[in-house]
2 protein chains.
Amino acid sequence: MPTSEMLSASLEDYLEAIFHLVSDKQAARSKDISRLLKVNVSSVTGALQVLAQKNLVNYSPYEVVTLTEKGEQAARDVVRRHRALRDFFVKVLAVEEGIADKGACRIEHTIPREILERFVEFVDFIEKSPVPGANCVHEFKKYCGHEKKTSHNSRTSVKRKPGLRKQKEKTRDNNSK
Amino acid sequence: MPTSEMLSASLEDYLEAIFHLVSDKQAARSKDISRLLKVNVSSVTGALQVLAQKNLVNYSPYEVVTLTEKGEQAARDVVRRHRALRDFFVKVLAVEEGIADKGACRIEHTIPREILERFVEFVDFIEKSPVPGANCVHEFKKYCGHEKKTSHNSRTSVKRKPGLRKQKEKTRDNNSK
DNA sequence: GTTAAAAGTTAGTCGCGACTAATAATGTAC
DNA sequence: GTACATTATTAGTCGCGACTAACTTTTAAC
């Protein structure tokens with residue numbers, strides 16, 4: 001992984017969005033990318049130019065976008081990170097889907113490889129060895145039920161209004177394995 | 001947590017560094033902050049001015065830095081996030097100390113509260129209920145031993161040499177120009 | 001107390017990645 | 001095929017957070 005071809009978090013987001021759009025429809029349109037990422041269309045154009053120049057997307061002005069071989073590899077890698085994180089959050093930590101997805105979105109760009117792989121292994125472990133594994137998670141879920149006396153500082157539990165929010169939503173990606 | 005007083009990842013890093021320096025010695029000097037964060041001293045000055053203006057540090061030019069009440073609260077919160085992550089990585093995922101710390105550094109700024117709390121709870125769970133909990137982690141560690149044939153994409157399996165890492169050290173000190 | 005080194009500050013630049021406003025190409029009705 | 005709506009692009013700006021180079025203040029040695 002030469003430093004030269006490292007992608008910024010932002011470019012990875014674009015790649016990921018394009019990947020999903022290409023999966024759904026045949027190709028990605030700037031408008032759709034823009035809607036998905038909640039970003040101005042002009043920002044999309046800029047990103048596409050950079051990605052094209054890095055040989056990650058097939059792009060010419062006013063045309064529809066697809067991934068190059070290299071781009072697809074990179075995108076798949078991002079998506080894999082995303083799914084690994086989300087899976088872990090949902091399956092092991094029993095985090096609510098939406099939050100899990102949001103967390104994955106944020107963390108996917110910075111998590112060290114070594115830790116990511118441990119997340120993957122842990123989920124595999126849980127799923128493959130039902131006896132001690134599933135039991136553990138099951139126990140944890142029960143444990144989560146009891147509100148605990150917090151020992152650390154003040155922070156009380158998070159309050160959110162279910163309906164409206166201005167957070168970046170980014171709920172693309174519905175499917176795993 | 002009003003959006004108005006949200007801190008950037010970078011400012012959180014400064015606060016964290018200052019916190020540690022103040023804990024060790026009585027106060028933080030720009031030089032030390034700069035060394036800790038691997039950043040130019042002039043960047044530190046800039047950050048201190050911003051933090052001072054946000055009422056998070058006590059700072060006047062050429063003087064030593066301490067945290068305000070508000071700054072200490074904020075710093076403690078960052079440190080708590082950092083520790084929670086590192087603990088989880090080490091205690092549950094059996095990640096090597098150095099990597100765990102690096103990962104915590106990166107993730108601490110973006111992880112959603114809800115997930116962070118689950119990490120904390122999971123570690124508590126493991127430590128408080130040794131019977132099913134510790135067993136689970138113990139089993140996982142054994143499981144980690146066996147290299148497994150990976151089912152997902154090409155990425156070769158994680159090969160870890162316990163001693164040496166040659167990872168890039170921090171995202172910050174990238175060479176430009 | 002003068003002076004040199006060390007520490008800190010300022011000014012100016014750069015890259016990134018968002019934005020708006022204006023413009024251009026494309027697509028669709030009629 | 002003209003005329004309008006939609007979509008995409010360009011040009012220019014902004015904020016952030018790093019950097020270097022030049023300057024100032026503080027400190028330590030003599």
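Chain letters run A, B, ... following the sequence lines, proteins first, then strands; residues in each count from 1. Treat the numbers as computed from the prediction; the structure is a model and nothing was measured.
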Using whole Å, what does the distance between atom P of nucleotide C/dA18 and atom CG of A/Asp13 come to?
8 Å

One character per nucleotide, please: for nucleotides 8-15 of chain D, 5' to 3', B when the base has a protein heavy atom closer than 4.0 Å, S when only the sugar-phosphate does, - otherwise.
SBB-----

Between A/Leu36 (CG) and D/dT7 (P), how many Å, whole number?
15 Å

B/Leu7 atom CG is separated from D/dG17 atom C1', nearest whole Å, by 14 Å

I'd like to know whether A/Val78 forms a side chain to side chain contact (heavy atoms under 4.5 Å, CB included) with A/Glu108, so could you lay out the CA-CA distance, the side-chain angles of the two residues, the decisive distance to 0.1 Å, and finally the verdict.
CA-CA 7 Å; A/Val78 181; A/Glu108 66 192 13; 4.0 Å; yes

Show me, pair by pair, the donor-acceptor contacts under 3.5 angstrom made by side chains of residues 42-54 of chain B, not counting sequence neighbours?
unit_1  : atom_1 : unit_2  : atom_2 : d
B/Ser42 : OG     : B/Asn40 : OD1    : 3.1
B/Thr45 : OG1    : B/Val41 : O      : 3.4

May I have the distance from B/Leu51 (atom CG) to C/dT9 (atom P), rounded to whole angstrom?
13 Å

Atom-to-atom span, NE2 of A/His109 to P of C/dC16 - whole angstrom:
17 Å

Does B/Ser8 make a side-chain N or O approach to OP1 or OP2 of D/dC16 shorter than 4.0 Å?
no

Which residues pass the salt bridge (charged side-chain N to carboxylate O under 4.0 Å, His left out) test with A/Lys70, sequence neighbours left out?
none

Using only heavy-atom distances, determine whether the side chains of A/Asn58 and A/Thr66 contain a donor-acceptor pair under 3.5 Å.
yes

Does a nitrogen or oxygen in the side chain of A/Tyr14 sit under 4.0 Å from OP1 or OP2 of C/dC16?
no

Answer yes or no: is there a side-chain heavy-atom contact under 4.5 Å between B/Ile111 and B/Phe119?
yes

Using a strict cut-off of less than 4.0 Å between a Lys/Arg side-chain nitrogen and an Asp/Glu carboxylate oxygen, indicate whether B/Asp13 and B/Arg106 qualify as a salt bridge.
no

